[in-house]
Structures are given as structure tokens and as C-alpha cells.
Amino acid sequence: MNASVRIGARSLLAHRRRLFGTVLSIVLGVAFLTGTMVLGDTLRANFDTLFADANAGTDAVVRSARVLDAPDVPGGIRAPLDESLTERLRTAPGVSAAEPSVQGAGQLIGADGKPVGGQGPPTLAGNWIDDPKLNPYRLAEGRAPAAPGEAVVNRGAAKAGGLEVGDSTVLRTPDPVRITVVGIATFGADADGMGPSTFTALTLADAQAHLTPKGSGQVSTVRLRSDSLSQRQLVDEVQKLLPDGVEALTGADATAQSTADVSGRFLSLFTTLLLVFAGVALLVATFTIHNTFAIVTAQRTRENALLRALGASRRQVLGTTLGEALAIGVLASALGLLGGFGVAAGLKALFAAIGFTLPTGGTVVHAATVLLPLLTGTLVAAASALVPALRAARTAPLAALRDTAVDASAQGRSAAVRKAVGALVLLGGLPAVVVGATRGPSLALTVGGALALLAGTVVLGPVAAVLAVRVLGAPLPRLRGVTGALARRNAARNPGRTAATATALMVGVAVVTLFTVFGASVKATLDDTVSRSFAGDLAVTAPATGAGGSGVSPKLAPAVAALPEVGTAVGLGRGAARIDGHGARLGVADPVALARVTDLGRVDGSLADLGTDGLAVSRPEAEAHGWRLGSTVQLQFTDTTAAFTVRALYAGGGVAGDYLISRPAWEPHRVQDADTLVVVALRPGVTVDQGKAAIGRIAAAYGSPQVQTRAEYAESSASGVDTMLSVVYALLALAVLIALLGIANTLTLAVHERTRELGLLRAVGQTRAQLRAVVRWESVLVAAFGTTGGLLLGALLGWALTRASDGAGTGSFALPLGRLAVVALVGPAAGVLAGLRPAARAAKLDVLRAVAGG
Amino acid sequence: MTAAARVEEAVKEYGAGETRVRALDGVSVEFAAARFTAVMGPSGSGKSTLVHCAAGLDTLSGGRAWLGETELSGLGDRELTLLRRERIGFVFQAFNLLPTLTVRENITLPLDLGGAAPDREWLDALIDVVGLGDRLQHRPSQLSGGQQQRVAVARALAGRPAVVFADEPTGNLDSRSGGEVLGLLRSAVDTVRQSVVMVTHDPAAAAYADTVLFLADGRLVDTVQQPTAERVLDRMKALDGRRGKAAAR
Ligand SMILES: Nc1ncnc2c1ncn2[C@@H]1O[C@H](COP(=O)(O)OP(=O)(O)OP(=O)(O)O)[C@@H](O)[C@H]1O
Ligand SMILES: [Mg+2]
């Protein structure tokens with residue numbers, strides 16, 4: 001065996017306890033990375049096979065070529081087709097069967113009266129397609145809907161809503177439709193549904209009545225199959241018969257598109273998010289590992305010097321140290337890979353716990369999912385060990401004879417260089433962050449500045465460590481006497497080490513703080529939006545996020561307005577159009593009435609004059625496009641493109657959004673009508689409670705949307721932020737855990753290194769308890785340093801990110817002091833925990849052996 | 001007779017400015033081949049510095065050093081490393097062995113580093129002489145101090161280097177263990193014509209040598225051939241006296 005390899009392997013075995021923390025850091029980081037990738041692979045593959053299986057019988061799909069990209073609708077919004085097209089296609093050459101398909105949004109109400117799903121994935125409704133080969137759903141129980149009011153629901157929705165065959169419930173389309181469940185269906189052969197989405201199938205006539213704009217004679221798509229032609233041939237054949245603006249595509253292409261809509265949009269976002277957190281965990285691990293190697297190498301200076309004296313070349317010493325790191329990297333990555341499968345299951349459970357159930361199915365692992373984490377873990381280990389290994393290779397042979405391991409990172413010439421470089425980077429980063437956040441604002445500049453800040457902080461760490469330990473530890477000697485003084489001096493005596501240890505925690509805490517501040521600011525912005533612009537007393541909404549939900553029935557607002565308790569009730573509808581090449585949301589309302597119950601700020605022009613070709617635009621949006629009163633704007637709808645004139649400008653950032661058009665203007669272009677919000681102003685003398693009760697009674701007949709006070713409405717619009725934050729905290733917990741492991745590990749190594757010294761202290765009468773306290777307080781000091789740095793950095797970056805991502809300049813910034821105080825307390829408290837094991841080991845020292853041994 | 005190693009007008013200075021120390025002050029010394037040379041002198045006289053520089057562990061500030069025909073002054077780190085690996089054996093006062101390797105692996109370490117196959121017969125003979133045949137698989141921490149130094153000597157001899165340098169190899173040992181280590185070095189000189197240079201403070205140890213060089217204040221001040229412990233002691237006293245007088249003056 002090669003000498004370097006053998007020496008590396010031996011020292012690896014001999015020091016395996018010391019390297020435990022390193023291995024664990026890599027295992028955790030790699031496990032998280034693997035878990036994320038396995039979950040992504042599995043979900044993607046499941047979606048793929050699911051769609052392919054469910055749509056296997058469909059050879060071609062005919063649909064409108066006019067499509068609007070809408071932010072919330074996967075695949076965009078398409079214009080409907082004329083139903084008569086189905087008949088013509090049925091008799092086309094080569095076509096064996098043609099079935100109309102109607103698709104829209106419909107939210108089921110469960111047996112408990114609560115909406116089923118709607119928090120992210122779509123809630124779909126449509127018609128039951130009678131030809132089983134063309135229907136992606138299969139009946140698992142009961143029968144197909146045959147009479148008005150009969151419905152089939154997918155098995156997942158039935159389970160979630162506690163619905164069984166024979167049950168009656170309501171489907172919000174958003175007009176409430178009373179339905180009786182006559183059957184339960186699977187998506188494809190045996191999936192509970194199309195991913196986590198819900199689906200309710202009605203008869204064709206019912207579906208047309210509730211989901212198409214005209215109420216009859218329209219369909220969304222026509223599905224075809226052919227026994228004689230290939231998919232391509234069928235499409236070519238059918239294409240000849242289609243009117244302008246209608247397209248045919250093969251079943252395979254249609255499936256690929258729906259898969260891409262799901263995997264492309266939702267899954268990539270989802271896995272990217274998780275990968276970011278895996279990245280944070282690995283970054284923190286890098287600091288921890290680097291530190292361990294730096295310490296272990298320093299402790300091994302004599303051995304390395306001896307090797308050099310005996311004729312080991314620099315490269316051999318470098319190879320030994322790096323080889324050791326690589327071996328650890330490979331081993332730990334392999335363990336992490338195994339752990340990753342557990343993590344994948346855990347992540348799934350985490351998302352299920354917040355009501356976001358991911359589709360089930362066999363675990364799928366691609367080669368890349370095995371290779372990438374293995375490679376990343378190994379590289380992280382090797383890269384972390386590179387600088388210590390280079391330092392080891394530079395060991396002078398004579399170091400074997402001298403007392404070594406003097407840390408000069410806070411003094412001397414290299415410290416001067418370090419200070420200069422760190423200060424430069426910091427001085428470059430800070431203005432970049434501030435300018436990026438305030439002028440522009442420019443997200444790229446801010447992020448660049450943030451990275452520079454982080455780098456500067458890392459470089460300046462040792463210098464800051466001395467200062468921080470002095471300041472943070474100032475009360476210790478008074479509080480804890482000699483024990484406290486020793487702890488403080490120990491924390492300061494290896495500033496480089498203390499800084500590197502604390503940096504890991506600092507990065508973790510900084511990211512936690514950043515998200516906390518950013519989340520609080522988003523909440524404050526939402527809150528502000530409501531309190532600034534919502535002038536009504538009550539709001540009626542059907543809370544939903546993402547592509548879920550179906551909104552509030554447009555018939556509700558007039559019904560509420562008719563109540564004697566109510567002064568004004570205005571429904572705010574949601575329209576969509578492409579403006580200047582981008583999909584945009586339109587507010588659809590009676591603008592004058594809306595102005596009475598919401599605060600649109602200063603209005604230039606006249607809201608009363610919108611008519612059917614007028615547009616009201618928020619001032620920031622108008623400025624961004626260079627529009628003024630009287631400008632003409634082209635609005636591309638699903639059916640036509642129409643010219644609108646800007647007739648009013650109002651303040652932005654409110655509940656009304658950026659564009660407002662009147663109901664008559666939207667009417668000809670509407671797809672499936674729904675209000676997102678009904679704003680209610682009560683008559684004078686009516687209490688909020690009375691009003692709430694009265695509206696609640698009426699709302700029951702419209703699918704029971706929620707009636708909320710202003711405060712409740714503000715609260716519920718921000719509730720998604722809290723859910724998001726809890727997920728982020730859970731994901732960041734890993735990074736923080738790795739950082740704490742790093743502290744524990746460094747201290748254990750330090751205890752090992754100071755064996756003689758500790759023995760001496762014990763010999764002159766220090767009790768075990770005192771010894772434990774010294775180590776524990778040192779741990780607390782390091783954790784406090786990391787936490788403080790992280791809080792400062794995170795708060796600054798949180799502020800910058802909030803400002804930089806707020807292009808319109810209407811957002812708010814909030815510093816959630818309560819939550820940050822919790823972080824500030826938890827950090828040092830976790831330091832106590834991290835110090836437990838090293839303290840126990842220090843206390844176990846045998847006095848004689850410690851003094852005599854070496 | 002050619003010298004196994006020599007230095008000429010060797011100067012070694014440590015530090016700079018106020019704290020400058022001149023450890024070697026223009027020494028010229030020859031270490032004869034196939035001979036046992038002892039280097040003696042008061043503490044701080046530059047003995048360690050001399051052998052370090054002669055062995056390529058450190059570089060001179062002035063003057064020149066040769067190992068056989070090779071001049072060390074011109075060599076870079078790579079060449080010096082190879083030189084130490086292949087042509088020099090070294091025994092320190094303590095911490096000679098890698099704690100993680102076995103006794104046998106420690107002995108063959110320089111050979112392994114160069115990827116050279118050890119000469120089995122020589123190795124077996126060496127292990128036999130060192131008398132640690134039954135301890136080959138042990139770790140250094142399981143050996144006594146004397147045994148550890150014997151292993152270190154065996155390692156220094158294993159590659160049949162041009163010169164073995166030893167810096168107070170018996171400094172930490174009692175006289176019996178020390179005697180064993182010195183006996184090993186002596187027999188290497190006698191049986192395989194090994195050149196050995198040894199720093200020591202102990203007149204009894206110096207008596208094992210063929211020649212004793214005396215250093216003081218970084219200079220060569222005296223040489224004794226075929227020493228006995230008494231003669232060395234006398235010479236040391238004489239030198240001390242001279243130094244004392246010099247100091248008094
Ligand atoms: N790395 C160093 N830096 C500064 N001065 C040094 C260094 N190494 C040695 N010296 C100085 O050089 C002089 C000679 O030291 P050297 O170690 O060679 O003495 P020595 O004769 O081996 O002493 P001893 O018998 O105590 O081992 C001493 O004054 C010593 O302080
Ligand atoms: Mg010496």
C-alpha cells in the first residue's frame with residue numbers, strides 16, 4: 001500500500017472520534033440533498049406515468065389556440081369551443097370517437113361543511129366523459145352522473161372531504177351547485193387523483209351551465225380517438241376540418257404539456273426551494289468541516305513535521321490530509337445517501353402536516369440523484385479540507401521540535417492583510433446592498449452585495465471574534481468568577497477557530513433572521529394594503545391560495561346589498577387579459593361603488609366614465625408603461641383583442657390591484673365568472689356583529705364563503721405567510737443543528753488539546769463542576785457571538801431584500817422584535833446544549849493521566 | 001579520507017534587528033565517513049542548529065554545507081526532501097515515531113515514502129539487533145522511552161543513508177537504555193561503515209564516538225580523537241573555565 005494512503009487511513013482510524021462531528025455534518029447535509037432530489041424524482045416520475053396512463057386512450061385533443069397566460073392557472077386560460085364542433089369531428093374520417101370536455105374551477109364542500117383542498121393545487125370541475133377510453137378518470141365505485149345534480153368525485157377528494165356515494169353536498173363554481181355523489185373515481189388505473197388536485201365531474205349539461213360563460217353550447221376541448229390512424233395521422237386529418245383559431249394536437253403532446261405544466265411550474269419551484277435549503281445546510285456544514293480539519297491538522301503539526309523531516313514531500317503530506325478528507329467525504333456521503341430516503345419520507349410528512357399532500361407512489365431514483373449528492377458531499381469535504389491541507393503541507397520539518405499551534409489569525413502580518421481584505425469586501429458589499437435596496441431597486445445588486453457582506457464577515461471573523469468575546473463575555477468574570485474568566489479567555493485565545501465555529505451558526509441564524517424579517521414585512525405589507533385601502537366594515541371571501549379555490553359567487557354581492565343592514569356591497573371580480581405582452585389580472589367591479597368601500601387614494605380622471613371601453617390603472621403601473629389619461633391600451637382577451645382608453649388613475653398597492661374595468665366591459669370576454677372579494681359597508685347604526693350575522697345567513701345559500709371583519713380579513717390574507725415561515729423554519733432547523741454540532745465538535749477538540757492544562761487545573765483544586773462550567777460558558781460565548789452576528793447580518797439583509805423586491809415602493813418593512821428576541825435567546829441556550837458533551841468529557845479527565853500524558 | 005558531510009564558514013542567524021541571534025558564527029566542520037562523531041558544547045552553543053543545517057532540515061544564512069558531493073545551499077524544498085528521504089537518517093530527542101503506525105511501519109516509513117522496497121535481509125538483521133522482534137505490531141505508545149528510541153535508530157538506519165544525525169538521542173533515557181541506543185549506533189559504524197553524527201551533553205555517551213567536536217557560541221572550539229569519558233569531562237571543564245575567565249574579563 002502507498003505510504004501516504006496508509007498514513008491517512010491510520011490517522012483516520014485513530015482520530016475517528018474527533019471526526020465524528022465532521023461525518024455527521026456531511027451525513028446530514030447530503031441526506032437532506034438526497035431527500036430533496038429523491039422526492040423531486042419520485043414526484044416527477046409519478047406525475048409523468050400518471051398522466052401518461054390516464055390519457056393513454058386519447059389520440060388527439062382539439063382546443064382553442066387562443067390562450068392567456070394567467071399567473072394562477074397552470075397552462076393558462078383558453079377560450080371555449082363551440083359544441084357543434086364535436087358532432088362534425090365525430091363523423092370525420094378516421095375518428096372512432098369524439099367526446100366534448102368541459103373544464104373549470106369548482107370547490108367541493110366536505111361533509112364537515114369545510115372546503116376540500118384549495119391551498120395550492122387546483123380544485124377542478126368538469127363533465128364526466130362517457131367513453132371510458134377518452135376519460136382520464138375511471139369509476140372505482142358507483143356510477144356515472146346521468147341526471148342533473150349528480151356528480152362523480154375523485155377518490156382523494158372523497159377521502160379528504162369525508163364524502164361517500166349517496167352523500168349530498170355543495171360544489172362552488174362559485175355559484176353553489178347542490179350535488180349528489182353517485183360515483184367515486186380514480187385518476188388513471190388507481191391514483192387517488194391528478195396529484196393533490198380535486199375533481200368533480202357533472203353531466204355535460206350541468207358542467208356547461210356552471211362552468212362555461214354562456215351556460216350552454218360551449219366546451220373546453222374535444223377529445224378524439226382513432227382505431228385506424230396513428231396520433232399524427234389523426235391530427236393531420238382533423239386539422240383540415242378545424243375553423244380558424246382552433247388547433248389539434250396529439251394525445252402524447254397534450255399529455256406532455258399537462259405534465260410540464262405540473263412538473264415545470266410546481267415541481268421545479270418546489271424542488272428548487274428545497275435545494276436552496278439543502279445548499280444552506282451544506283454551506284454551514286462546510287464551515288464546520290473546515291474548522292474540524294483546521295484543528296485536527298494543527299494538532300497534528302508535529303506528526304506532519306516529522307513526516308517532512310523523514311523525507312515526505314509536500315505533496316505527500318497534502319495527499320495524506322486531502323485523502324483523509326476525501327475518504328470521510330465518500331463514507332459520510334454514502335451514509336447520507338441512505339439517510340436521504342428517510343429524509344424524503346420526512347419531507348413528505350412535513351408537507352402533509354401543513355395540508356399539502358403530495359402524490360404517493362413508488363420511490364424513484366435517477367442516477368443523478370445518487371451521483372450528485374455523493375459528489376457534492378465529497379467535494380464539500382475535500383474543499384473544506386483544502387486550506388488546512390495546504391497549511392499542513394507547508395509545515396516546516398523543524399516544527400516537530402518546537403511548541404506549535406500558535407494561532408496568529410488575529411495578529412501579525414497575515415492579520416493585517418486579513419483586516420484589509422475583509423474591510424474592503426465589507427466596504428464594497430455594504431453600499432451595494434444599501435444602494436441595491438433603495439435606488440432602483442435592484443435585486444441583483446442587493447444579492448451581490450449580500451454575498452460580499454457574507455464573505456467580508458467571514459474574513460473579518462477572527463478580528464470580530466476577539467472583540468465580540470470581550471464585549472459579550474464582559475459580565476462573565478463578575479457573574480461566575482474564575483470560571484467565567486477562564487471561559488472568556490479560552491474563547492478568545494484561538495480567534496480564528498472561534499470565528500469559524502461561530503460563522504457556521506451565524507450563517508444559519510442570518511438565514512433564519514432574514515426569512516423572519518422578510519416574512520414579517522410581507523405580512524405588514526398585506527396588513528397595510530388592507531388597512532390602507534379597505535374602507536368597508538366586512539369582507540366576504542373564499543380563502544384559497546395558488547391555483548386552488550373557485551372564488552365567491554358574483555350573485556352574492558347584489559344579494560348582500562339588498563339586506564337592510566347593508567349600505568353598500570361591492571363584488572370585486574377577477575378578469576384576465578394580456579397587456580403589453582404579459583398576462584395581467586384585471587379587477588372587475590362597479591368602479592364607483594368600489595371607490596366608496598375601498599380607498600383608491602387620489603383619483604385622476606373619472607371612475608364613473610369607464611363604460612365598456614375604459615380602463616382605470618394604478619398610478620405606478622401607468623408610470624411603468626408610460627400611460628396617461630387618454631392613452632389607448634390593447635387588452636388581449638381569450639376571444640378578441642380590444643382597445644381600451646385609460647380614463648382614471650388611482651393609487652396603487654390596494655385591494656383593487658393594478659387594473660380596473662367595469663362589469664359590462666368584462667362581460668363579453670369572461671370565462672368562468674367569480675368574485676374574489678365582496679366588500680361590505682354597513683348602514684350607520686348597524687354593529688359589525690349584526691351585519692356579520694345577517695350576511696352569514698345569506699352567504700349560506702351561496703356556498704358559505706367566509707364573512708370576516710376587516711381585522712380578520714387582514715389576518716387571513718397574511719396566514720399563508722405564517723405557514724410558509726413554519727416550513728422555512730423546519731427546513732432551516734437542519735442548518736442550525738449542523739452549526740451547533742460544529743460548536744460541540746470544536747469544543748471537544750479543544751478539550752482534547754488542552755488535556756494537560758485541564759489536568760493541571762484539576763490538580764490545583766478545580767472541581768469537576770467548575771471545569772464543566774468553563775467549557776459550557778465557552779460554548780455559550782461562541783454561540784452568543786454567532787447568534788449576534790447572524791441577527792445583525794440577517795436583519796440587514798432582510799431589510800435589503802424587502803426593499804429590493806418591492807419594485808412599486810408600496811411595501812412595508814417590519815422588524816418582528818418578539819421573534820428576533822426568541823432567536824437571540826435560543827442561540828446561546830443552544831450553546832449550553834452544544835457544550836454538554838465536551839463539558840462532560842472534560843470533567844471525566846483523570847487528573848494524573850492528564851498531567852503526565854501527552 | 002573524504003567527509004560524509006561538512007560545512008564551511010557556516011552562519012545561521014535567527015530573528016531580525018534587536019532580537020537577532022547568531023546561532024552559528026562561521027563554523028567549518030567535517031564529519032568523517034564511516035566514523036562516529038559526537039558534537040558537544042554548552043546549552044545554546046548551536047549544536048542542534050549545526051546538525052539541522054547539515055541534515056537539510058534547515059537552511060544556512062551564510063556559508064556552505066555539503067552532503068558528500070552534494071551542496072545543500074542551492075537545493076530547493078523538493079530536492080532537500082528527497083535528500084532527507086534517501087540519504088539522511090535522523091533521530092530526535094523525543095517524538096520520533098508516528099503514533100498511528102506500528103513499530104514495523106515506523107521503521108520502514110522513509111522507504112515507504114519513496115516507494116522503495118526495503119532490503120529484507122538488512123531489515124531483519126536490524127530488527128534482530130534492535131531486539132524488538134516481538135513488538136513489531138505494537139504502537140509506539142505501548143513501548144518504553146528506550147524502546148521507542150531504539151525503533152527510531154532502526155528507522156534511521158533502515159534506508160542505509162549516507163549519514164545518520166542524532167540530536168541528543170539518549171537525552172531522555174536512563175544510562176542502561178541510553179547504552180543500548182548508543183551501542184546500536186556504534187555497531188552500525190563498525191559493521192556496515194555507517195557515518196553517524198550525534199549531539200550529546202553526556203561525556204559517557206561521547207565516549208562511544210571516534211571524534212568529539214566542541215562548540216561554543218556558534219564556533220568550533222576544540223576536537224578530541226578517540227575520547228574516553230574522563231578525557232571529555234576534563235576538556236569540558238577546561239572549556240568552561242576558559243569561558244568563565246572570558247566572562248570575568
Ligand atoms: N527558531 C529559533 N529562533 C530563534 N532563535 C533560535 C531558534 N532556534 C535556536 N535559536 C537560538 O540559537 C542558539 C543556538 O540554539 P541551538 O538549539 O542550536 O542550541 P543547542 O546547542 O542545541 O542547545 P541545547 O544544548 O540546549 O539543545 C540559541 O541561542 C537559541 O536560542
Ligand atoms: Mg539542542
Side-chain angles (χ1 to χ4, degrees), chain A residues 1-19 296-297 299-321 323-324 327 390 392-405 412-413 752 755 849 852-854, chain B residues 12 14 48-49 51-53 55-59 76-102 104-118 139-141 145 152 155-156 158-159 161 165 167-168 171-172 199:
Chain A
M1 197 174 19
N2 182 310
S4 312
V5 173
R6 177 165 59 213
I7 294 164
R10 281 306 163 76
S11 78
L12 201 62
L13 284 176
H15 303 307
R16 57 189 179 278
R17 282 186 73 127
R18 276 186 243 179
L19 294 169
V296 170
T297 322
Q299 292 179 347
R300 232 183 273 154
T301 303
R302 283 192 135 190
E303 289 174 36
N304 285 329
L306 181 64
L307 277 172
R308 294 278 288 126
L310 295 179
S313 65
R314 286 186 182 191
R315 192 184 298 180
Q316 278 173 320
V317 175
L318 182 76
T320 304
T321 316
E324 216 175 304
L390 284 173
R394 276 205 310 266
T395 311
L398 282 178
L401 306 174
R402 295 195 198 113
D403 238 1
T404 48
R413 206 165 57 112
H752 175 88
T755 303
R849 270 220 359 236
Chain B
K12 177 70 184 177
Y14 291 108
S48 297
T49 308
V51 294
H52 290 160
C53 291
L57 284 168
D58 209 346
T59 48
D77 179 75
R78 236 198 103 63
E79 289 96 355
L80 279 178
T81 301
L82 287 179
L83 183 96
R84 288 199 298 270
R85 185 192 291 171
E86 286 157 8
R87 296 174 57 196
I88 288 173
F90 214 104
V91 183
F92 298 105
Q93 181 170 354
F95 196 75
N96 271 296
L97 309 177
L98 277 196
T100 51
L101 299 185
T102 62
R104 176 184 258 289
E105 286 164 343
N106 262 296
I107 292 176
T108 57
L109 185 55
L111 297 170
D112 290 344
L113 283 171
R139 294 287 152 91
S141 57
R155 183 194 52 212
F165 291 95
D167 192 353
E168 302 187 41
N172 284 355
V199 174

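Owing to the predicted nature of the structure, the values given are computational and were not obtained by experimental measurement.
- In this structure, B:Arg155 and A:Leu310 have side chains that are in contact, with non-hydrogen atoms separated by less than 4.5 Å.
- Residue contact with chain B, scored on non-hydrogen atoms closer than 4.5 Å, involves the backbone and the side chain of A:Glu303 alike.
- Closest approach of A:Pro397 and B:Arg84 over heavy atoms only: CG-NH2, 3.7 Å.
- The line from OG of A:Ser313 to CD of B:Glu79 is 12.0 Å long, rounded to the nearest 0.5 Å.
- Comment: A:Arg308 engages B:Asp77 in a salt bridge, judged by a side-chain N to carboxylate O separation of less than 4.0 angstrom.
- Residue contact with chain A, scored on non-hydrogen atoms closer than 4.5 Å, is absent for B:Leu83.
- Here the CG atom belonging to A:Leu306 is positioned 8.0 Å from the CG atom belonging to B:Asn106, to the nearest 0.5 angstrom.
- Neither the backbone nor the side chain of B:Leu82 comes within less than 4.5 Å of any heavy atom of chain A.
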